[in-house]
Amino acid sequence: MQTRVIELDPLENNRRAIQEAAELLDKGEVVALPTETVYGLGADAFNAEAVARIYEVKQRPGFDPLIVHLHHAKLLDTVASVPAELSAVVTALTRQFWPGPMTLVLPKKEQVPDIVTSGLPTVAVRVPSHPVMRGVIKALGRPVAAPSANKFGHISPTSASAVKKELDGEIPLILNGGACSEGLESTIIRPQIDEKGRPVLFILRAGPISREQLKKIALVRKPQASTSAPGTDAETPHPDSPGQLTSHYAPGKPFILLEDPTSFQPVAGLRYALLCFEGDGTSELERSYDWEKIVEMSPGSGRLAEAAVRLFALMRQLDEDPEVDVIVAEPVSEIGIGVAIMDRMRRASSKRE
Ligand code: TXA
Ligand code: MG
């Protein structure tokens with residue numbers, strides 16, 4: 001199959017490209033679409049066969065459910081049932097964070113095919129803010145199921161060229177909307193009523209909407225570790241957030257998140273690259289070793305939001321660099337979106353530790 005890439009014009013409405021993508025989705029094809037977080041591999045969420053094709057292209061295991069994307073929050077009740085006790089908190093969340101990088105896990109409506117939710121009674125829903133993504137969903141007239149547009153376990157693509165490297169020849173179309181403005185996948189939240197009858201937000205995946213922001217709306221908790229069966233290892237899917245395997249986001253090369261800089265023991269003959277936060281002499285780590293290469297997440301300014309936007313692209317760049325054997329990453333502070341950055345870097349490094 002030939003994969004066509006259509007270049008979008010940020011100053012234009014891109015109506016033809018949107019129409020073309022929607023027509024392919026309508027026919028049951030899967031296409032790669034830009035969102036503000038990462039590129040998505042979309043299919044008509046109400047077409048079980050088309051959704052099955054996503055799993056096939058991604059080589060994704062069937063136990064890992066997909067996010068359903070809507071073009072407007074008013075359509076939430078077409079895919080999810082909001083329990084009356086959660087109605088106020090869900091309204092507050094959607095008013096504040098949609099369209100945007102927030103995914104809500106809620107009881108699913110029957111018309112959502114089981115293959116979308118991997119048979120779970122809940123569905124993950126998001127209203128993205130990217131105008132082209134919303135345009136495509138609106139033109140299709142049905143919700144779009146879309147995981148990140150990478151092969152299972154790989155780093156999520158934040159550019160059309162990264163999608164092409166992952167899926168060239170396997171999908172008919174990629175809409176190129178340039179670099180994603182958030183750069184990390186959405187925050188996934190499951191609102192629930194606690195034992196005292198209060199609404200509580202469980203963060204199933206850290207992301208651009210931070211814990212601090214959510215705390216202004218309701219109590220926030222991490223899913224309890226006790227919900228995992230005792231003795232299970234990190235590769236076992238968490239029953240509440242089935243896709244959160246530790247080995248996600250793995251570059252092909254060894255990736256070491258150096259939480260304790262004194263523990264770094266380079267092996268002679270290997271070429272190490274440093275992925276540092278700010279650079280410009282601000283990090284001890286930078287001076288402590290003769291790095292083959294140094295790249296900065298937020299060069300010179302040390303802003304976590306910029307680091308989030310650039311993280312996956314830099315991880316891919318170092319992974320593809322023929323002069324680098326091992327990637328060493330400097331930790332960032334776990335404040336705001338720093339929590340999500342550290343989450344992704346821990347997952348990337350967990351595989352070989
Ligand atoms: O920003 C994003 O969320 C991007 C863009 C394309 O929207 N999508 C994305 O999708 O990151 P994906 O499939 O790579 O990650 C979705 C995550 C998985 O970890 C999955 O397990 C979880 O959402 N998920 C989906 N449905 C769920 C459910 N019913 N309950 C708990 N977790 C769920
Ligand atoms: Mg993914």
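Counting convention: from 1, in listed order, for ligands and their atoms alike.
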Quick one: do the T35 and R126 side chains pair a donor with an acceptor below 3.5 Å?
-> yes
Which bit of R60 is near ligand 1, meaning a heavy atom under 4.0 Å away: side chain, backbone, both or neither?
-> side chain
Give the atoms of ligand 1, by number and element, whose distance to some non-hydrogen atom of I188 is under 4.0 Å.
-> 17 (C), 22 (C), 23 (O)
Angle class for the Y272/F264 ring planes (parallel below 30°, perpendicular above 60°, tilted otherwise)?
-> perpendicular
Applying a strict 4.0 Å limit to heavy atoms, is T117 in contact with ligand 1?
-> no
Would you find a donor on one side and an acceptor on the other, under 3.5 Å apart, between the side chain of W291 and the backbone of R271?
-> no
Checking only N/O/S atoms, does S148 have one that is under 2.8 Å from the Mg ion (ligand 2)?
-> yes
Hydrophobic cluster membership, I217 vs L86, 4.5 Å side-chain cutoff | yes
Indicate, as side chain, backbone, both or neither, the part of L66 found under 4.0 angstrom from ligand 1 when only non-hydrogen atoms are considered.
-> backbone
Numbering as shown, the atoms of ligand 1 that approach L204 to under 4.0 Å (heavy-atom distance) | 31 (C)
With atoms numbered from 1 as shown, which atoms in ligand 1 lie under 4.0 angstrom from a non-hydrogen atom of T37?
-> 1 (O), 2 (C), 4 (C), 5 (C)
Are R205 and S186 close enough that a side-chain donor and a side-chain acceptor fall under 3.5 Å?
-> yes
Co-membership, hydrophobic cluster, residues I337 and V38, 4.5 Å side-chain | yes
So for I67 against ligand 1, with non-hydrogen atoms under 4.0 Å, the contacting part is side chain
Got a salt bridge between K58 and E166, using NZ or NE/NH1/NH2 to carboxylate O under 4.0 Å?
-> no
Would you mind running through ligand 1 and noting each atom that sits below 4.0 Å from a heavy atom of S186?
-> 1 (O), 2 (C), 3 (O)
Is there a donor-acceptor contact under 3.5 Å linking the side chains of S283 and E278?
-> no
Candidates C180, P128, S148, P101 - the one meeting side chain to side chain contact (heavy atoms under 4.5 Å, CB included) with T37 | P101
Would you mind running through ligand 1 and noting each atom that sits below 4.0 Å from a heavy atom of L120?
-> 28 (C), 29 (N), 30 (N)
Based purely on interatomic distance, does H69 place a nitrogen or oxygen under 3.5 Å from a nitrogen or oxygen of ligand 1?
-> yes
For ligand 1, which atoms have a heavy atom of D64 less than 4.0 angstrom away?
-> 18 (C), 20 (C), 21 (O)
G40 heavy atoms, cut-off 4.0 Å: which ligand 1 atoms fall inside?
-> 6 (C)
Below 4.0 angstrom from a heavy atom of T122, which ligand 1 atoms are there? Numbered from 1 as shown, please.
-> 28 (C), 29 (N), 30 (N)
Find out whether the Lys NZ or Arg CZ of R190 is both under 6.0 angstrom from the six-membered ring centre of F202 and within 45° of the ring's axis.
-> yes
Charged N to carboxylate O under 4.0 angstrom, E323 versus K293?
-> yes
Which residue from E182, R205, R190 reaches closest to atom 15 (O) of ligand 1 through any of its heavy atoms?
-> R205
Heteroatom proximity flag, S148 to ligand 1, N/O under 3.5 Å = yes
Should R126 be counted as touching ligand 1, given the test is an N or O pair under 3.5 Å?
-> yes
